[in-house]
Asks: 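Okay, handing you the structure first.
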Amino acid sequence: SQTRGTRQAVLDMVDDYLAAAEGGFAVRSYQAVFDVVRKDGSTELLPSVMQSYVKDGNGEKHELSAVEYVEFQTDYNRLYWEYVEGNLDDAGTDAERRAVLRAAKELAAEQAKRRALERLGLEPEDYEHKGKNGKESVTVPYKYDGISEDEIITFEAQKALASSDGGFSQDEAIDIIQEMVDSGLSKEAAYTLFHAANSSWTDKNNPWKRYKP
């Protein structure tokens with residue numbers, strides 16, 4: 001029954017692709033991505049085959065069944081193309097397009113993993129640490145809590161471009177986030193993005209510290 005379920009899931013993926021192609025979406029999106037890939041000379045910006053397991057907050061591996069794996073891979077593929085469609089057109093240069101594709105790929109993998117863990121009954125942010133009374137279960141806030149996926153991709157792409165010289169400063173982060181605020185990002189989200197850029201940064205130089213959620 002598991003094999004039949006996996007086969008049907010794959011057939012559904014093919015049907016979805018054909019429907020998208022007939023509607024023109026697949027052609028436009030794929031062409032835009034492949035144009036970037038050809039110029040880049042590498043396929044690393046395209047979706048890849050995911051591993052057959054996911055790791056929880058403790059780094060423990062959880063092997064996926066055939067059906068669970070297809071769901072995992074399908075989520076990853078679908079999210080990647082959704083993110084590409086929503087963000088690639090806003091990139092003006094080849095470098096920006098590459099950065100958007102890389103950010104879309106990384107976020108799609110992360111979100112697919114989070115969904116796989118949730119289907120297994122696990123919270124992605126849960127982990128155990130040794131406290132005074134032995135091991136304690138801890139849930140840490142998601143670093144992008146309250147940030148839309150498009151905003152995450154915008155920030156991560158701009159961060160990657162600014163980091164091309166090997167470093168990323170607080171001033172560079174502030175400049176990127178301020179531009180996003182000017183384009184409609186909430187100040188509460190700006191506060192969160194500042195700390196998502198580097199978890200070791202304190203509120204001392206965070207211009208949006210009074211908007212802490």
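Small disclaimer: the values here were computed from a predicted structure and weren't measured.
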Asks: Against the six-membered ring of Tyr53, is Lys61 placed for a cation-pi contact (under 6.0 Å from the centre, within 45° of the normal)?
Replies: yes

Asks: Would a 4.5 Å heavy-atom cut-off, applied to side chains only, mark Arg114 and Tyr142 as touching?
Replies: yes

Asks: Decide yes or no for Trp208 and Gln178: does some side-chain heavy atom of the first lie under 4.5 Å from some side-chain heavy atom of the second?
Replies: yes

Asks: Thr154 and Glu151: side chain to side chain donor-acceptor pair (under 3.5 Å), yes or no, with the steps?
Replies: CA-CA 5 Å; Thr154 296; Glu151 289 167 344; over 6 Å; no

Asks: Are any of the side-chain heavy atoms of Trp81 and Pro47 separated by less than 4.5 Å?
Replies: yes

Asks: Does the side chain of Val36 reach to within under 4.5 Å of the side chain of Asp94, using non-hydrogen atoms?
Replies: no

Asks: Evaluate side chain to side chain donor-acceptor pair (under 3.5 Å) for Asn198 paired with Ser200, printing each intermediate quantity in order.
Replies: CA-CA 5 Å; Asn198 190 321; Ser200 68; 2.5 Å; yes

Asks: Under 3.5 Å, is there a donor-acceptor pair between the side chain of Asn87 and the main chain of Tyr83?
Replies: yes

Asks: Using side chain to side chain donor-acceptor pair (under 3.5 Å) as the criterion, list what pairs up with Asn205, not counting sequence neighbours.
Replies: Gln170

Asks: Does any non-hydrogen side-chain atom of Ser52 lie less than 4.5 Å from one of Leu64?
Replies: no

Asks: So, Arg119 and Glu71, do they make that salt bridge, N to O below 4.0 Å?
Replies: yes

Asks: Is Lys159 salt-bridged to Glu172, cutoff N-O under 4.0 Å?
Replies: no

Asks: With heavy-atom distances below 4.5 Å as the criterion, would you say the side chains of Phe155 and Ile176 are in contact?
Replies: yes

Asks: Is the terminal nitrogen or CZ of Arg210 (NZ for Lys, CZ for Arg) located under 6.0 angstrom from the six-membered ring centre of Tyr191 and within 45° of that ring's axis?
Replies: no

Asks: Side chains of Pro207 and Ile174, heavy atoms from C-beta outward: is any pair under 4.5 Å?
Replies: yes

Asks: Kindly indicate whether the side chain of Glu82, heavy atoms from C-beta on, has any atom under 4.5 Å from the side chain of Glu149.
Replies: no

